[in-house]
Structures are given as C-alpha cells and as structure tokens.
Amino acid sequence: NWRRQHERAVADAARAAQDHSKALARRAHAARDKPDSSAEELKSRLVEALAAYDAKTEEAERVRADLDSQLTRAYADHGAQVERLRHDLNAKHEEVMEAKGEASRWRGKWEDANRAKNAMESEKEIHR
C-alpha cells in the first residue's frame with residue numbers, strides 16, 4: 001500500500017515535470033516562430049525554460065526523497081510491530097506450554113490417586 005502510494009506520487013511528480021517542460025518548449029517554439037523574436041530573446045526564453053525544468057526536476061527529487069523516507073519509516077514501524085507481536089506470541093506459547101505441563105502433572109497425580117483408591121477398594125473386596 002505504501003509502496004504503491006510512493007510509486008504513484010513519484011510518477012505524478014515526474015509527469016508534472018515533464019508536462020511543465022513540454023509547455024515551456026511549446027512556448028519557446030511559438031516564440032521562435034514569431035518573426036519579431038530576436039535570437040537573444042529566444043535564448044533567454046530557452047534559458048528560462050531550462051531553469052524551470054531544472055527546478056521542477058529538483059522538486060520531483062525532493063518529493064521522491066520525502067516519500068522514500070516515509071516509506072522507510074513505515075517499513076521500520078511495521079518491522080518493530082511485527083517483532084513485538086512475535087515476542088508476545090512466544091510469551092503466550094511459553095504460558096501455554098507451562099499450563100500443559102501443569103495439567104499433565106495434575107493428571108498424573110489424579111491417575112496415581114485413582115490407582116491407589118482402586119487398589120484399596122480391590123483389597124477391601126478381596127478381604128470381604
């Protein structure tokens with residue numbers, strides 16, 4: 001889920017930068033086609049378009065870095081949560097094993113008591 005959001009945001013930022021650069025290129029192309037445009041004016045517009053493209057590219061990289069850090073934090077948080085749950089599961093498993101051991105000991109004592117009781121009853125029957 002985070003990865004899809006991250007990839008979508010990076011793709012959107014790249015698409016926005018590309019659209020912006022295309023618009024600037026169209027504007028520069030339109031300006032070039034004007035007969036009254038001088039070479040210096042076209043050059044300044046091209047420099048402006050390239051600067052704007054560089055700014056959008058840097059912004060896209062900042063967005064990408066921000067999303068990468070968010071993804072890394074989310075992954076680390078999730079890993080910590082999974083580790084905590086694994087620890088809880090192990091603790092519960094130990095409790096269950098202790099309870100099983102106690103139940104087994106209790107059953108053994110109960111069986112011993114029943115055997116002793118049955119043996120005493122059998123002896124009583126034999127002596128009658």
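For this chain, numbers begin at 1 and follow the sequence in order. Quick caveat, the model's predicted, so the values are computed rather than measured. Both backbone and side-chain heavy atoms feed into the values below; hydrogens, waters and symmetry mates do not.
Using a distance-only test at 3.5 Å, with no hydrogens or angles considered, a donor-acceptor pair links the side chain of Ser122 to the main chain of Asn118.
Asp66 is linked by a side chain to side chain donor-acceptor pair (under 3.5 Å) to Gln70, counting only residues two or more places apart in sequence or in another chain. For the salt bridge (Lys or Arg N to Asp or Glu O under 4.0 Å) test, residues two or more places apart in sequence or in another chain that qualify with Glu83 are Arg86. Not counting sequence neighbours, the partners of Glu59 by the salt bridge (Lys or Arg N to Asp or Glu O under 4.0 Å) test are Lys56.
The residues Lys22 and Asp19 are annotated as not salt-bridged, no charged nitrogen and carboxylate oxygen being separated by less than 4.0 angstrom. Between Arg15 and Asp12 there is a salt bridge, with a side-chain nitrogen of the basic residue lying less than 4.0 Å from a carboxylate oxygen of the acidic one.
Nearest heavy atom pair, residue Ala49 against residue Leu24, reads O-CD1, 3.4 Å.
The shortest side-chain heavy-atom distance between Arg8 and Gln5 falls under the 4.5 Å cut-off. Glu102 places a side-chain heavy atom less than 4.5 Å from the side chain of Arg105. In this structure, Leu67 and Leu71 have side chains that are not in contact, with every pair of non-hydrogen atoms separated by 4.5 Å or more.
One distance of note links NZ of Lys43 with CG of Leu46; it measures 9.5 Å at 0.5 Å rounding. In this structure, CD in Glu98 is found 10.5 Å from NE2 in His93, a value given to the nearest 0.5 Å. A distance of 11.0 Å separates NZ of Lys109 from OG of Ser104, quoted to the nearest 0.5 Å. The OH atom of Tyr53 lies 11.5 Å from the CD atom of Glu58; values are rounded to the nearest 0.5 Å. Interatomic distance, Glu121 CD to Asn114 CG, rounded to the nearest 0.5 Å: 9.5 Å. If you take CD on Glu94 and CG on Leu89, they are separated by 10.5 Å, rounding to the nearest 0.5 Å.
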